[in-house]
Amino acid sequence: MKRETLSSSSRLGFLQRVNRCSPPQHCRSQRRARIRSLSPTMAISLHDHALGKTAQFIAACRAVESDKPQETRKFSEPWARKFASETGTELLRLVAEEYSVSLQAIINIITARTCFLDDVVNRATSRESPKIRQVVIAAVGGDGRPYRMRFPDDVVVFEMDLPDVMKFRSKIFAEAQAQPTCDLRSIEVDLAKDGWAEALVAAGFDPSEPSVWTMEGLLTYLTEEECKKFVSQIATLCTPGSVICGDVYSPSFFTRESLAGFKKLWADFGAAPACSSIEDPKAFFAEFGFQTIVKVYKELAVELDVGFSGILGFPSAHSEQEEKNSSETNYYFEATK
């Protein structure tokens with residue numbers, strides 16, 4: 001299978017080398033062992049070690065998109081490579097080598113999701129009725145929206161994540177001399193536990209005013225019980241007109257044989273495993289008072305012109321029906337209270 005080649009920029013050299021050929025099996029085994037030993041460079045506890053690696057993998061994907069020429073890239077986060085560090089870069093390289101996928105296909109998945117959520121936030125904070133001036137980024141990770149998006153002057157952005165992730169994040173943006181484009185308030189919390197809602201309100205969030213929330217790559221890492229509890233808590237904080245957006249896996253992500261190798265690889269190098277799925281996002285969010293628009297990855301990729309190549313962007317579709325089904329492992333939602 002011919003693999004796509006990225007930019008000729010020297011900053012993408014490590015990605016171009018991966019696209020040429022896969023190393024011998026013993027080399028790949030050595031690399032798996034090495035990556036398992038890599039720290040996510042956040043000095044976080046062993047319990048949260050996998051979440052750190054996952055966040056840095058996503059940052060590595062964003063770094064590649066950001067390195068493209070200005071006329072072709074969808075967004076620019078010049079600090080993403082620093083956040084990704086060696087851990088995220090090596091994980092991205094290993095996935096491409098071990099699973100024989102196009103690196104550009106992996107980048108397309110993250111790019112499509114990023115652009116979709118950018119659009120939701122932009123529309124929500126630009127409209128006049130109801131006027132939304134509160135943005136909540138749940139599980140912010142390496143998300144650069146508070147630094148690269150242009151918000152109205154009176155918008156307040158609340159970013160939440162684990163304490164050590166927030167400390168690492170603060171260090172990265174300080175070193176990059178990046179300045180937020182909004183009134184930014186950072187909150188150190190564990191979203192899977194009680195107390196985060198109270199911390200958010202204490203930071204100045206007003207539940208009586210409409211808000212827009214992003215949950216990028218979050219809900220699938222919560223158990224089904226945690227997911228329902230989390231969305232229920234959000235619903236109590238959302239006044240009519242508020243918007244939530246994010247992505248979830250469909251049940252087929254856990255049942256498709258073509259993804260078994262990828263999931264094993266993901267577990268082998270110690271990244272956070274997906275814990276839950278939502279079969280019908282419209283029905284799920286309706287339980288909490290939201291009306292929901294749902295899109296699948298293929299539809300989103302076409303709309304955003306980022307390319308589509310099989311399941312989760314991986315070249316595994318072998319028939320028209322397989323390709324149709326493969327695009328439905330990821331759901332992207334925009335839900336309005």
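We use all heavy atoms of the structure for the numbers below, so side chains are in, but hydrogens, waters and symmetry mates are not.
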Ring of Phe83, cation from Arg169 - is the NZ or CZ under 6.0 Å from the centre and inside 45° of the axis? no

Examine distances only and state if a side-chain atom of Asp247 and a backbone atom of Tyr331 form a donor-acceptor pair shorter than 3.5 Å. no

Which is it for Gln134 and Asp206 under the side chain to side chain contact (heavy atoms under 4.5 Å, CB included) test, yes or no, and what are the steps along the way? CA-CA 8 Å; Gln134 300 184 111; Asp206 186 352; 3.7 Å; yes

Looking at CZ of Arg62 and OG of Ser76, how far apart are the two atoms once the value is rounded to the nearest 0.5 Å? 12.5 Å

Tell me the closest heavy-atom pair linking Arg81 and Val64, and the distance in Å. NH2-N, 4.3 Å

Minimal heavy-atom distance between Pro146 and Cys182, with the atoms involved, is O-SG, 3.8 Å

Would you mind checking if Glu216 and Arg145 are paired as a salt bridge, meaning a charged N to carboxylate O distance below 4.0 Å? yes

Beyond-backbone contact of Leu219 with Ser276, side-chain heavy atoms, under 4.5 angstrom: no

Report yes or no: do Tyr147 and Phe75 belong to one cluster of Ile/Leu/Val/Met/Phe/Trp/Tyr joined by side chain heavy-atom distances under 4.5 Å? no

I'd like to know if Glu225 and Lys228 make a salt bridge, using a cut-off of under 4.0 Å between side-chain N and carboxylate O. no

Close side-chain approach of Glu188 to Trp196, heavy-atom, < 4.5 Å: no

Atom OG1 of Thr111 and atom CG of Asp305: how far apart are they, to the nearest 0.5 Å? 11.5 Å

Does CG belonging to Asp153 count more than 12 external heavy atoms closer than 6.0 Å? no

Just so I know, are the side chains of Leu91 and Gln56 near enough to count as touching, which here means a heavy-atom distance under 4.5 Å? no

Answer yes when Glu334 and Arg123 have at least one side-chain N-carboxylate O distance shorter than 4.0 Å, and no when they do not. yes

Looking at Leu304 and Ala112, what are the two nearest heavy atoms and their distance? CD1-O, 3.3 Å

Could you tell me whether the side chain of Leu218 reaches within less than 4.5 Å of the side chain of Leu191, counting heavy atoms only? yes

Going by an N to O cut-off under 4.0 Å, is there a salt bridge joining Glu226 and Lys229? no

Between the side chains of Thr336 and Gln291, is a donor N or O closer than 3.5 angstrom to an acceptor N or O? no

Does any donor atom in the side chain of Ser186 or Glu159 lie under 3.5 Å from an acceptor atom in the other side chain? yes

Presence of salt bridge, Asp161 and Lys167, under 4.0 angstrom: no

If you define the side chain from C-beta out and look only at heavy atoms, does anything of Lys131 sit under 4.5 Å from Pro210? no

Stepwise side chain to side chain contact (heavy atoms under 4.5 Å, CB included) test for Lys337 and Ile244: CA-CA 8 Å; Lys337 187 76 177 287; Ile244 63 175; over 6 Å; no

Joint hydrophobic cluster, Phe116 plus Ile293, side-chain heavy atoms closer than 4.5 Å: no

Any side-chain donor-acceptor pair under 3.5 Å between Glu279 and Ser250? no

Once you round to the nearest 0.5 Å, how far does CG of Asp190 lie from CG of Leu162? 5.0 Å

Spatial distance of atom OG1 (Thr125) from atom CZ (Arg133) [nearest 0.5 Å]: 6.5 Å

Quick check against the 3.5 Å criterion: does Ser242 have a side-chain atom that pairs as donor or acceptor with the backbone of Ser211? yes

What's the shortest heavy-atom distance between Ala60 and Thr89, and which atoms? CB-N, 4.0 Å

Within-4.5 Å side-chain heavy-atom neighbours: Phe284 and Cys227: yes

Verify the neighbour count for atom CD of Gln70: are there more than 12 heavy atoms of other residues, nucleotides or ligands below 6.0 Å? no

Please report the closest heavy-atom contact between Ile132 and Val212, naming both atoms and the distance. CG2-N, 3.7 Å

If you measure from CG on Asn330 to NZ on Lys295, what distance do you get to the nearest 0.5 Å? 15.0 Å

Side-chain contact test, heavy atoms from C-beta onward, threshold under 4.5 Å: evaluate it for Val136 versus Thr214 and give yes or no. no

Are Ile187 and Leu200 close enough, and set up right, to give a side chain to side chain contact (heavy atoms under 4.5 Å, CB included), and what steps lead you there? CA-CA 7 Å; Ile187 306 164; Leu200 177 62; 3.6 Å; yes

Are any side-chain N or O atoms of Glu77 and backbone N or O atoms of Asp143, one a donor and one an acceptor, separated by less than 3.5 Å? no

Heavy-atom closest contact (Phe168 atom, Lys82 atom, distance): CZ-O, 4.4 Å

Begin from the C-alpha positions of Val201 and Leu237 and carry the test side chain to side chain contact (heavy atoms under 4.5 Å, CB included) through to its verdict. CA-CA 9 Å; Val201 172; Leu237 296 170; 4.3 Å; yes

Determine whether Val306 and Lys74 make a side-chain contact, defined as any pair of heavy atoms from C-beta on separated by less than 4.5 Å. yes

Between Glu175 and Trp79, does any side-chain donor sit less than 3.5 Å from a side-chain acceptor? no

Under a 3.5 Å distance rule, please check whether Arg73 uses its side chain to pair with a backbone N or O of Ser66 as donor and acceptor. yes

Distance from Asn108 atom CG to Glu65 atom CD, nearest 0.5 Å? 7.5 Å

Quick one: sort the Phe290 and Phe285 rings into parallel, tilted or perpendicular, breaks at 30° and 60°. perpendicular

What do you reckon, are the aromatic ring centroids of Phe158 and Trp213 less than 6.0 Å apart? no

